[in-house]
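Quick caveat: nothing in here was measured; it's all calculated off a predicted structure. Below, read A as the first sequence line, B as the second, and so on, with proteins coming before strands; counting in each chain starts at 1.
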Amino acid sequence: MKTRRFKRSLLYAALVFAAALTILPFYWMVASSLKDFQSANQRPPTWLPLATYYYAPGPDGQAGEIEVGLLRDAAKPWSEIRKMDRIEIAPIDRLNDPEAQFTIAVSDLRRVRRPRWENYVEAWKAPALGNPERPVTFTRYFWVSTVTSVATTVGTLLTSVLAAYAFAKMRFRGKELLFYIVLATMMVPGQVLLIPNFLILAALPDYTFGMRWLDNYPALIAPSLASVFSIFLLRQFFLGIPDDLWDAAQIDGAGRLRYLWQVVVPLSRPALITAGVFIFLGEWNSLIWPLIVTTSPDMRTLMVGLQVFNQEQGGNFNLLMAASTMSILPVVILFFFLQRFFVEGIARAGLR
Amino acid sequence: MARTEKTGRFFGKDLQAWAFLAPAGAILILFWVLPLVLSVFVAFTNWHGGDTAADARWVGLENFRMAMRDPRFFKSLWNTVNYVVWSVPLTIAVSLALALLLNRKVRGLGVFRTAFFLPYVTTWVAISIVWTYFFQQNFGLANYVLDDVLGFGSLRWLNEPRGVVEMSLTGLGHLARVLPPAEMLDFKNPLVEGPSLAMFSIILTSVWRDTGYFTVIFLAGLQSIDRTYYEAAEIDGAGPWRRFRTITWPLLSPVTFFVLIIAMIGAFKVFVPMLVMTPEGGPSGSTTTLVYFLYEEGFLSWRLGYASAIAYILFLIILAMTLLQNRLFGRRVFYQ
């Protein structure tokens, strides 16, 4: 009995350890996103999501306190600074201006530790390099990604429902063969299609009255408007719907489309949500395709924007962690609400 | 009357089905089938630049011949193989272990599963940035733990081109005396070097990210195994290891096989963490994978013909792998 209890606690210890290792990077990301530059770039690291603020009376005996930054001693720990007599400081917004620097007694310096929420505002509003008149920020990236992902999800679900229904419930010549061909396209790695699809999109304006495809929403949306995985998933689900329902609908005078829309679709909500979640996730998280087909900062999706931000802000890890947190927040929220469908979709794919 | 009804049914029904298939079909033809055909043509030309075929010439197999002579191509192929060979078994081992633990009527299963799965839903770009910070040389957590806490000294992680096998063999002071001297081991031999530490850092990141996904698949597989087998085995006095080897492993083999294929194909296509974590192909180009090389050649140098040939080689490798795995494991897989 005792060994059993012991084994049990070992099991939980192992699981908790593994879970802690899995969660640690997330904690570190969020914690660092609330630090100031100094606390995010120091060793030993600080574990709490806190930034340090310093306040001092103004240099010319101005009334009230101003926020200041330390100069030479910025890297020193507080325990050492406290022992000092006087310290060089400057107003926080004029740290690099030699004329603004002044010294005060350390005892006049007030130190406050709190989360630095401003990181999120700063990261969000940081303009990308490029066009200074029309600065592109995360507002734009979020917008492009939302439009792209939502449009793709809705569109792909529509095309997949129709195709899956035809494959599941309609009889036509060449059905088997066609279904195998569709399944076979799943074997083609998307990377093979990058170059030819790019060339097709570059050539399409000649056939579509000059509509711009590349560096525009159509390039981001159109190629992913069909999903073999979704067709397959929905077909499996539709196969389980009894044919009696169709017979009854026919007696009531409904056509295929009305039956599909009013009976099949409401019955298939779990499968539709599962498919939709994976389509949305794939679109939101994709990098290589948007990286290739967009050139102007205006058309960057969130992932491309985040990667550009990473290149431009290299080393500013508190801001980078804030930007990373913002970009994964929508999918994490989606995951927490629709977790069941994620797990079911994957488990079903594995157990075909 | 009968005739029209027959033709009406024939054409009417077929036509309706085709109409239902048309939207998805049009997209699949335009953006999957057509490009697949087109890329064969592009791979046989010296296509340069973004959108015009004006100066593209037919060069036959030249692009493929060029790849066979291109050390950068082989380097990227080798890097990719290293990535696959290390990340796939590691991921599968860890996720199978976790699934086995979770399958023992654990309380709070949902919480653990959520925790393990969370990395998989988050995006590669954000994850790569977080782990770049983690591996940062001066104030990253990895070196803090390794050097300040454990006292092993710090590593260069994402900037280290040396192979991990070489590093650990030369690093193990005591063991090195038992082993033949380093000159004899010939660490410049890529077979002995292993992936560079930079690549290994990315491998660790990908194991962390993908484990949850495969855990969910393994767990579903484990839960579908009939409990009575275990009860019978226990009555016969079979220990846990024997139960695993004779019941769990064979009955789980279709799932394992599926996971192996998915994981290997996914690993062969790896790109994003290389782009984000090790800019410009990593130290000594040691994290340039096939897809990264393809991206560089195609969309940075705009040598679309050559890049298409590389894409096709990648396609053939993945196809061959799928078929080979089918042959090797197909017979041994136990289907219920």
**Message:** Is the ring pair A:Phe198/B:Phe299 parallel, tilted or perpendicular, if the boundaries are 30 and 60 degrees?
**Reply:** perpendicular
**Request:** Apply ring-ring contact (aromatic ring centres under 6.0 Å, His included) to B:Tyr144 and list each qualifying residue two or more places apart in sequence or on a separate chain.
**Result:** none
**Request:** Please look at B:Ile129 and chain A and tell me whether the side chain, the backbone, both or neither of the residue comes under 4.5 angstrom of a heavy atom of that chain.
**Result:** both
Please tabulate, for the side chains in residues 25-32 of chain A, all donor-acceptor contacts under 3.5 angstrom to protein atoms that are two or more places apart in sequence or on a different chain.
residue : atom : partner : partner atom : Å
A:Tyr27 : OH   : A:Trp47 : O            : 2.6
A:Ser32 : OG   : A:Trp28 : O            : 2.7

**Item:** Residue part contacting chain A, namely of B:Arg209, when any heavy atom lies under 4.5 Å
**Value:** neither
**Asked** So which of B:Ala22, B:Gly25, B:Ala115, B:Ala19 has the biggest tally of heavy-atom pairs under 4.5 Å with chain A?
**Response** B:Ala115
**Request:** Could you look at B:Trp124 and say if it's the side chain, the backbone, both or neither that has a heavy atom under 4.5 Å from chain A?
**Result:** neither
**Request:** May I ask you to name which of B:Leu319, B:Leu314, B:Leu118 has the most heavy-atom pairs under 4.5 Å with chain A?
**Result:** B:Leu118
**Prompt:** So which part of A:Ala40 gets closer than 4.5 Å to some heavy atom of chain B, the side chain, the backbone, both or neither?
**Reply:** both
**Complete:** The interface call for B:Val106 against chain A, heavy-atom contacts under 4.5 Å, is both
**Message:** Quick check for you: among B:Thr114, B:Leu36, B:Leu38, B:Val42, which has the greatest number of heavy-atom pairs under 4.5 Å with chain A?
**Reply:** B:Thr114
**Request:** Please state whether the side chain, the backbone, both or neither of B:Leu275 comes within less than 4.5 Å of a heavy atom of chain A.
**Result:** both
**Fill in**
If one checks every heavy atom of A:Leu291 against chain B at 4.5 Å, the contacting part turns out to be side chain
**Prompt:** Where on B:Phe112 is there a heavy atom nearer than 4.5 Å to chain A: the side chain, the backbone, both, or neither?
**Reply:** side chain
**Message:** Between B:Val291 and chain A, with a heavy-atom cut-off of 4.5 Å, which part of the residue counts as in contact: side chain, backbone, both or neither?
**Reply:** side chain
**Asked** Which atoms of B:Phe268 come close to chain A, meaning under 4.5 Å heavy atom to heavy atom: side chain ones, backbone ones, both, or neither?
**Response** neither
**Message:** Could you tell me if the side chain of A:Tyr12 sits less than 4.5 Å from the side chain of B:Arg107, heavy atoms only?
**Reply:** yes
**Asked** Taking every heavy-atom pair that is under 4.5 Å apart, which of B:Ala126, B:Ala24, B:Pro35, B:Pro23 has the most such pairs with chain A?
**Response** B:Pro35
**Asked** Can the ring centroids of A:Phe335 and B:Phe117 be said to lie less than 6.0 angstrom from one another?
**Response** yes
**Message:** What part of B:Gln223 gets within 4.5 angstrom of chain A, counting heavy atoms only: side chain, backbone, both, or neither?
**Reply:** neither
**Request:** Applying side chain to side chain donor-acceptor pair (under 3.5 Å) between A:Arg43 and each of B:Asn143, B:Asn138, B:Asp147, report the one that passes.
**Result:** B:Asp147
**Prompt:** chain A contacts: which residues in residues 92-101 of chain B have a non-hydrogen atom closer than 4.5 Å to it?
**Reply:** B:Leu98, B:Leu101
**Asked** What pairs with B:Arg113 under salt bridge (charged side-chain N to carboxylate O under 4.0 Å, His left out), at least two apart in sequence or on another chain?
**Response** none
**Message:** Please identify, among B:Val130, B:Thr132, B:Leu141, the residue contributing the most non-hydrogen atom pairs under 4.5 Å to chain A.
**Reply:** B:Leu141
**Item:** Ring geometry between A:Phe317 and B:Tyr133 (parallel below 30°, tilted from 30 to 60°, perpendicular above 60°)
**Value:** parallel
**Message:** Quick check on B:Ile265 against chain A: is it the side chain, the backbone, both or neither that has a heavy atom closer than 4.5 Å?
**Reply:** neither
